[in-house]
There are 2 protein chains.
Amino acid sequence: MTISALSALAQAAREAARLLASASPAAKNQALLGIAERLRSQREPLLLANQKDLEAAQAAGLPPAKLDRLRLNERILGDLVEGLRQIAAMPDPVGEIEGLQIRPNGLQVGRMRIPLGVIGFIYESRPNATVEASALSLKAGNAILLRGGKEAFHSNQALVRLMQEALQEADLPHQAIQLVPTTDRRAILEMCHLSGLLDLIIPRGGKELIELVQREARMPVLAHAEGVNHLFVDESADLEAAVRIALNGKTQRPSTCNSLEKVLVHQAIAPTFLPKLAQAMAEAGVELRGDERTRAIIPAKPAQEQDWRTEYLDLILAVKVVDSLEEALEHIARYGSRHTEVICTEHHAHALRFLREVDASLVLVNASPRFNDGFQLGLGAEIGISTSKLHAYGPMGVRELTTTKFVALGQGQVREG
Amino acid sequence: MTISALSALAQAAREAARLLASASPAAKNQALLGIAERLRSQREPLLLANQKDLEAAQAAGLPPAKLDRLRLNERILGDLVEGLRQIAAMPDPVGEIEGLQIRPNGLQVGRMRIPLGVIGFIYESRPNATVEASALSLKAGNAILLRGGKEAFHSNQALVRLMQEALQEADLPHQAIQLVPTTDRRAILEMCHLSGLLDLIIPRGGKELIELVQREARMPVLAHAEGVNHLFVDESADLEAAVRIALNGKTQRPSTCNSLEKVLVHQAIAPTFLPKLAQAMAEAGVELRGDERTRAIIPAKPAQEQDWRTEYLDLILAVKVVDSLEEALEHIARYGSRHTEVICTEHHAHALRFLREVDASLVLVNASPRFNDGFQLGLGAEIGISTSKLHAYGPMGVRELTTTKFVALGQGQVREG
């Protein structure tokens, strides 16, 4: 794949984006439902393509957890179909005018919601992301250039082919969804340098990929960083709820970025809370690492400085006793990764202060960090969770793939001063 | 100025930003009004510092237009004071919760508006920008690191000193507004590399400065690009209004980025409209450059291909006859700079289509492009006009210097699926 070939794809995407920006909601929804239909009717060739990827991955010695993420099956296809129907049923954001006001000179001024243009999406393994990202991008009126992982290449090709058919059937340009037809890593660098053609790059994958894209990209990047997520158990917390939330946060799906990694415990309740926590975690097979004050109350491996900074993505949890809400806030400001932070408290002022002062894409009171997810927070679906503060902070759904321009309606007004 | 010295300023700004994020609206407004008061009470030392800059600039042979931009006087100080009062009177955006909804599991989810953190502002000449940018940043709860032009250095030092006094009087950290204490151009590069310390860089100045920052910055950049702005005079336009708008757009303040640079005229009305336009422009001393069809109707210099791409910022206007709205839309898509675009029409469907399809930070119907300005559009004031589509597109006021995080209020909810 040469730069000129990739840039030709991006040029075609730009032209498609221009047409899509004024496409009717009906045509976009027809394409979304057409994709859903084809995921059913073309199930067999799709699973065959996926089988090819699975066999290659097995031969290459991929670990079982990674094979699992690669696999398409009836349940996953069913979830994708359901997701597509939900996205089709959502209101179309494009063309909506917000905050229309009449200025003293009679000029009517508002902000019209518009697509971003062309999105570059660089991601690893899971082939469902191919459909989810494309569907959100299409609903928002954008074109998308997909660069998936090499393990899912045949699955992605089959998925993109059927999505392009659905676009054509709805009289929309099939170049609105395109797959970079190579898994050469240089294609990532080339995408990063296509400024003027891509309006945005979203990297979703390991830390190394994200740092590479942030360093190289000449256009805005919405990065999805790691989650070093804390639960602070305040003096006044409902201790049963705190244990339940810690357990759900750590064990429901430990490999995800919205899992719990650290627990900070107020010293006043440490002697009663920590034994409950230790018992629940032991039953779930979770290894505890604690600071000295924790280890004076429950058995745990000694936590090192590095433990406070690490996203384990595994059944390991670091625990620290703190003197106060202030100390918890400071610890989170120093070690947190601005992803997901939780307080368990029954104290109104403490809840408000934590909500206000903690800088993270989602801050929760008395609920599991696992809720940091577009579907769970009511966005319908997500293309990723942004930990960049500009443009979007947190899960990104259809609305986060749009922007607004100002519009002004006059009757001949000119400026005086 | 060494990197470590600049990075120490930025570190201090980060700490100030953390305190400011939870400062009360009353304290921030007290500081804003304190700045206004000091612009009055310290007028004399301020004008003396400005005089020093003016003398140095004169000795260096700066052209009169640039000297004029550098000058502080009673009227400019009065406008700044009025602007500060308006910003103080605006509602405080920080802490506002948008779209609070209750999810099926009882979790209450919303988005809380929060400051961005630390803003790097790199700008040229006009010292009023020092106060305007600082005031907007402060109201939004951010810290700002200012890097002004070398011509305004003494004026900027005096302004920042009095702003810091006002912060201290309001018990706010004075490091929330800091001036980079050197005009060495290397400081710009160093600021671009302070990733992790600056959340955003806003470059405001010439094309060269903006391109340098976009290339070098390792954090998000909200660029303020040139305005290659069009007026399309449709077949059905009110021709008197179209002449008035063209004249206002071109001549009210030709050196600004929201001035008119090109007129596209529908062929059906070209024979009646062009003579009116030519007469008005001749009276205002504007040089016309036209395509062949224009020059068959009115006298004008021949326009070259380069004319369609050029931001003149001068009393020059390029004129082209087009066959249709479609041709106008295509011309704007090819040559426009996504800044400000105007249609004059009495045809409802054409107005709607132009509004919808033109990609620019402000699209107007029957009004002057000069309205692309934060104050004119109702934002109170502006720190710049973004032509980046991400985060903010168009004039940036207080709200555009904030972002939102998700907040979730639970009663012990955990995730099931």
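Proteins come first, then strands; the chains are lettered A, B, ... in the order of their sequence lines, and each starts at number 1.
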Self-check item: D359(B)/R18(A) salt bridge by N-O under 4.0 Å criterion
Solution: no
Quiz item: Between R14(A) and chain B, which part of the residue has a heavy atom less than 4.5 Å away: side chain, backbone, both or neither?
Solution: side chain
Practice problem: Check whether any side-chain heavy atom of I383(A) lies under 4.5 Å from a side-chain heavy atom of I202(A), and answer yes or no. | Solution: yes
Quiz prompt | Heavy-atom proximity to chain B below 4.5 Å, by part of D238(A) | solution = neither
Exercise. Counting only heavy atoms closer than 4.5 Å, note whether R356(A) contacts chain B via side chain, backbone, both or neither.
Key: both
Exercise. Could you tell me whether the side chain of L325(A) reaches within less than 4.5 Å of the side chain of R353(A), counting heavy atoms only?
Key: yes
Quiz item: Where does P115(A) contact chain B at under 4.5 Å (heavy atoms): side chain, backbone, both or neither?
Solution: backbone
Practice problem: To the nearest 0.5 Å, tell me how far E330(A) CD sits from E357(A) CD. | Solution: 10.0 Å
Self-check item: Residue I114(A) versus chain B: region with a heavy atom under 4.5 Å
Solution: side chain
Quiz prompt | Side chain, backbone, both or neither of V407(B) within contact of chain A (heavy atoms, under 4.5 Å) | solution = both
Quiz item: Which region of L379(B), side chain (C-beta onward) or backbone (N, CA, C, O), has a non-hydrogen atom less than 4.5 Å from a non-hydrogen atom of chain A, or is it both or neither?
Solution: side chain
Exercise. Against chain B, work out which of V365(A), T403(A), V414(A) has the most heavy-atom pairs shorter than 4.5 Å and name it.
Key: V414(A)
Practice problem: Heavy-atom distances under 4.5 Å only: say whether D373(A) touches chain B with side chain, backbone, both or neither. | Solution: side chain
Quiz item: E96(B) pairs by salt bridge (charged side-chain N to carboxylate O under 4.0 Å, His left out) with which of K405(B), R111(B), R399(B)?
Solution: R399(B)
Quiz item: Are the side chains of Y393(B) and R338(B) in touch, meaning some heavy atoms are under 4.5 Å apart?
Solution: yes
Quiz item: Would a 4.5 Å heavy-atom cut-off, applied to side chains only, mark V118(A) and L197(A) as touching?
Solution: no
Practice problem: Check whether more than 12 heavy atoms from other residues, nucleotides or ligands sit under 6.0 Å from atom CZ of R253(A), and answer yes or no. | Solution: no
Practice problem: Select one option (side chain, backbone, both, neither) describing which atoms of Q101(A) are under 4.5 Å from chain B's heavy atoms. | Solution: side chain
Self-check item: For chain B, the option from L247(A), I343(A), V358(A) that forms the most heavy-atom pairs under 4.5 Å
Solution: V358(A)
Practice problem: Determine whether C192(B) and R218(B) make a side-chain contact, defined as any pair of heavy atoms from C-beta on separated by less than 4.5 Å. | Solution: no
Quiz item: Looking only at side chains, do R370(B) and S259(B) share a donor and an acceptor under 3.5 Å apart?
Solution: no
Quiz item: Can you say whether L222(A) sits under 4.5 Å from chain B via the side chain, the backbone, both, or neither, judging by heavy atoms?
Solution: side chain
Self-check item: Choice from Q411(A), E240(A), M219(A), Q108(A) maximising heavy atom contacts with chain B below 4.5 Å
Solution: Q411(A)
Quiz item: Looking at V221(A), L377(A), T404(A), which makes the most heavy-atom pairs under 4.5 Å with chain B?
Solution: L377(A)
Self-check item: S22(A), part contacting chain B, at a heavy-atom distance under 4.5 Å
Solution: both
Quiz prompt | Proximity breakdown for A217(A) and chain B, heavy-atom pairs closer than 4.5 Å | solution = neither
Exercise. Select one option (side chain, backbone, both, neither) describing which atoms of L107(A) are under 4.5 Å from chain B's heavy atoms.
Key: side chain
Quiz item: Taking atom types as modelled, is there a side-chain donor on R415(A) or N248(B) under 3.5 Å from an acceptor on the other?
Solution: no
Self-check item: Selection from A367(B), A241(B), G95(B) maximising heavy-atom pairs under 4.5 Å formed with chain A
Solution: A367(B)
Self-check item: Largest heavy-atom contact set with chain B, pairs under 4.5 Å, which of S368(A), A408(A), G378(A)
Solution: A408(A)
Exercise. Identify which part of Q376(A) has an atom lying under 4.5 Å from any heavy atom of chain B, answering side chain, backbone, both or neither.
Key: both
Exercise. Tell me, for I385(A) versus chain B, whether the close heavy atoms (under 4.5 Å) come from the side chain, the backbone, both or neither.
Key: neither
Quiz item: Of all of P369(A), S361(A), P395(A), which one pairs up most often with chain B through heavy atoms under 4.5 Å apart?
Solution: S361(A)
Exercise. Measure the shortest side-chain to side-chain distance between F354(A) and D234(A) over non-hydrogen atoms and say whether it is less than 4.5 angstrom.
Key: no
Self-check item: Any donor-acceptor N or O pair under 3.5 Å, side chains E400(B), H391(B)
Solution: no
Self-check item: Among the listed options V109(B), L200(B), L390(B), the residue most often paired with chain A at heavy-atom distances under 4.5 Å
Solution: L390(B)
Quiz item: Side chains of E82(A) and Q86(A): donor-acceptor distance under 3.5 Å anywhere?
Solution: yes
Quiz item: What part of V363(A) lies closer than 4.5 angstrom to a heavy atom of chain B: side chain, backbone, both or neither?
Solution: both
Practice problem: Pick whichever of L409(B), N372(B), V342(B) has the most heavy-atom pairs under 4.5 Å with chain A. | Solution: L409(B)
Exercise. Working to the nearest 0.5 Å, report the span between CG of L355(A) and NE2 of H350(A).
Key: 13.0 Å
